[in-house]
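Presented below is the structure to which this report refers.
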Number of protein chains: 2
Amino acid sequence: MTPARMTRQRAAIIDAISDGDFRSAQAWHESLRGAGSAIGLATVYRTLQSLADDGDVDTVVSESGETLYRWCAAHTTHHHHLRCRSCGTAEEIDLPSFEQWSRAIASARGYTEIEHTVELTGLCHACSTELDH
Amino acid sequence: MTPARMTRQRAAIIDAISDGDFRSAQAWHESLRGAGSAIGLATVYRTLQSLADDGDVDTVVSESGETLYRWCAAHTTHHHHLRCRSCGTAEEIDLPSFEQWSRAIASARGYTEIEHTVELTGLCHACSTELDH
DNA sequence: TTGCTACTGATAATCATTGTCAATAAGGTT
DNA sequence: AACCTTATTGACAATGATTATCAGTAGCAA
């Protein structure tokens, strides 16, 4: 496959999402528009997906079923997230023992091609105190 | 709140879903129709949701974003699933240490109101061998 | 049996996401 | 710098799952 072309739109998206939050494609589209960048919604969807395929962004599915995207600093290692349900901030966590453990329990029951999803959500410190008055 | 009325449709749904698979609302609707039960799609959605609220069915979100439902034998304890991506069969698993561990790591980083999702998927023994020829 | 009201179902509406396709622009090549 | 090939874009239509609407129906308590 040929490498992706660095268009104005792709650059704008990469620039925007490198601030660490998990947001939906529509939310990123809005921020970009708000920042003055004329960009189409379909392009945002397509570009985020292509970046996700390349491993440059992480995706997560929210409670309401939307897919959330955020920049991912090019780790190839599998990892998980601890995400704030209120502001979208997220930190990466890894669970080395969980990886092995899940594989073990699944194959013990005859399962192959094992995959897993693990997501932790909560309210970060800032949001916790704020919602407390 | 008043307890749910036991209608013909609700009974048919409960009867149908007690066979252990995870399927989408639309899939359950089809099986019910196939079995001769005249029942509306909206009713299937509403009833499955109400059963889920009461803790009588488990829900899981598939890779493609559909919500899958299956009967849950009235445990109040939190648990997780090992589900076959091919046939939908699922078994329950529990991860006592994971529960505590996730709470610990999250609160160590200042998070409160912690929730988590853990789902294991794979190909069950039957499907593995079948897809192998 | 009666009455109140929750439940049902056909269908329209919603919402996130993907497909379409002509116009545009990356970026390598003369 | 002008040129060409083709990936990319964007407005909009289409999809697909789920939810809302609302008049008709049927639990079930009295």
Side-chain angles (χ1 to χ4, degrees), chain A residues 1-17 21-54 56-70 83 85 88 119, chain B residues 1-17 21-54 56-70 83 85 88 119:
Chain A
M1 51 181 168
T2 25
R5 290 182 183 173
M6 183 51 64
T7 63
R8 172 177 64 76
Q9 293 85 343
R10 191 180 182 89
I13 291 174
I14 292 176
D15 182 61
I17 67 176
D21 291 11
F22 267 111
R23 296 191 206 163
S24 68
Q26 316 217 29
W28 286 122
H29 180 239
E30 272 185 63
S31 343
L32 285 160
R33 281 294 180 91
S37 171
I39 189 172
L41 178 57
T43 300
V44 174
Y45 272 103
R46 276 184 301 234
T47 305
L48 286 173
Q49 221 169 55
S50 121
L51 290 169
D53 289 344
D54 294 349
D56 293 327
V57 309
D58 282 329
T59 62
V60 143
V61 178
S62 77
E63 298 73 42
S64 64
E66 291 177 295
T67 303
L68 307 180
Y69 304 84
R70 85 152 197 179
R83 179 169 55 83
R85 284 194 297 275
E119 294 300 334
Chain B
M1 54 183 168
T2 24
R5 290 181 182 173
M6 183 51 64
T7 64
R8 171 179 64 77
Q9 292 85 344
R10 191 181 182 89
I13 291 174
I14 292 176
D15 182 60
I17 68 176
D21 292 11
F22 266 110
R23 297 191 206 164
S24 68
Q26 315 216 29
W28 285 122
H29 180 238
E30 273 185 61
S31 344
L32 286 159
R33 280 295 179 91
S37 171
I39 188 172
L41 178 58
T43 301
V44 174
Y45 271 104
R46 275 184 301 234
T47 306
L48 286 174
Q49 221 170 56
S50 120
L51 290 169
D53 289 344
D54 294 349
D56 292 326
V57 308
D58 282 329
T59 62
V60 145
V61 177
S62 78
E63 298 73 42
S64 63
E66 291 177 295
T67 302
L68 307 180
Y69 304 83
R70 85 153 196 177
R83 180 170 55 85
R85 283 193 297 276
E119 293 300 333

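Side chains are part of it too, since the values below use all heavy atoms of this structure and drop only hydrogens, waters and symmetry mates. Bear in mind that the values here come from a model prediction, so they are computed numbers and not experimental data. Letters go in sequence order (proteins before strands), and every chain restarts at 1.
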Shortest non-hydrogen contact between [X] and [Y], atoms and distance:
X     : Y     : result
B/V44 : B/I13 : CA-CD1, 3.8 Å
B/W28 : B/R23 : NE1-O, 3.2 Å
A/V57 : A/L48 : CG2-O, 3.6 Å
B/R10 : B/R5  : CD-O, 3.3 Å

What is the distance, rounded to the nearest whole Å, between atom [atom1] of [X] and atom [atom2] of [N]?
X     : N      : atom1 : atom2 : answer
B/R23 : D/dT18 : CZ    : P     : 15 Å
B/I13 : C/dC7  : CD1   : C1'   : 11 Å
A/E63 : C/dC15 : CD    : P     : 18 Å
B/L48 : D/dT19 : CG    : P     : 11 Å
A/E30 : C/dC15 : CD    : P     : 13 Å
A/L68 : C/dC15 : CG    : C1'   : 15 Å

Indicate yes or no for a side-chain donor-acceptor contact from B/R33 to the backbone of B/I39 under 3.5 Å, with no hydrogens or angles considered. yes
Is B/H29 reaching over with its side chain to a backbone N or O of B/T43, donor-acceptor style, under 3.5 angstrom?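 Side chain of B/H29 to backbone of B/T43: no pair is present.
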Only counting residues at least two apart or in another chain, list the ones meeting ring pair (Phe, Tyr, Trp, His ring centres under 6.0 Å) with A/Y69.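 Ring pair (Phe, Tyr, Trp, His ring centres under 6.0 Å) list for A/Y69, sorted by chain: empty.
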Assign a letter to each nucleotide of nucleotides 9-17 of chain D from its 5' end: B, base within under 4.0 Å of a protein heavy atom; S, sugar-phosphate only; -, no contact. BBB-----S
What is the bend of the helix from C/dT1-D/dA30 to C/dT30-D/dA1 when you compare the axis at one end with the axis at the other, using five pairs each and rounding to 10°? 30°
Could you tell me whether the phosphate oxygens of C/dT18, OP1 or OP2, come under 4.0 Å of any side-chain nitrogen or oxygen in A/Q49?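 For C/dT18, OP1/OP2 do have a side-chain N/O of A/Q49 under 4.0 Å.
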Check whether any side-chain heavy atom of A/Q9 lies under 4.5 Å from a side-chain heavy atom of A/T47, and answer yes or no.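 Contact flag for A/Q9/A/T47 side chains = no.
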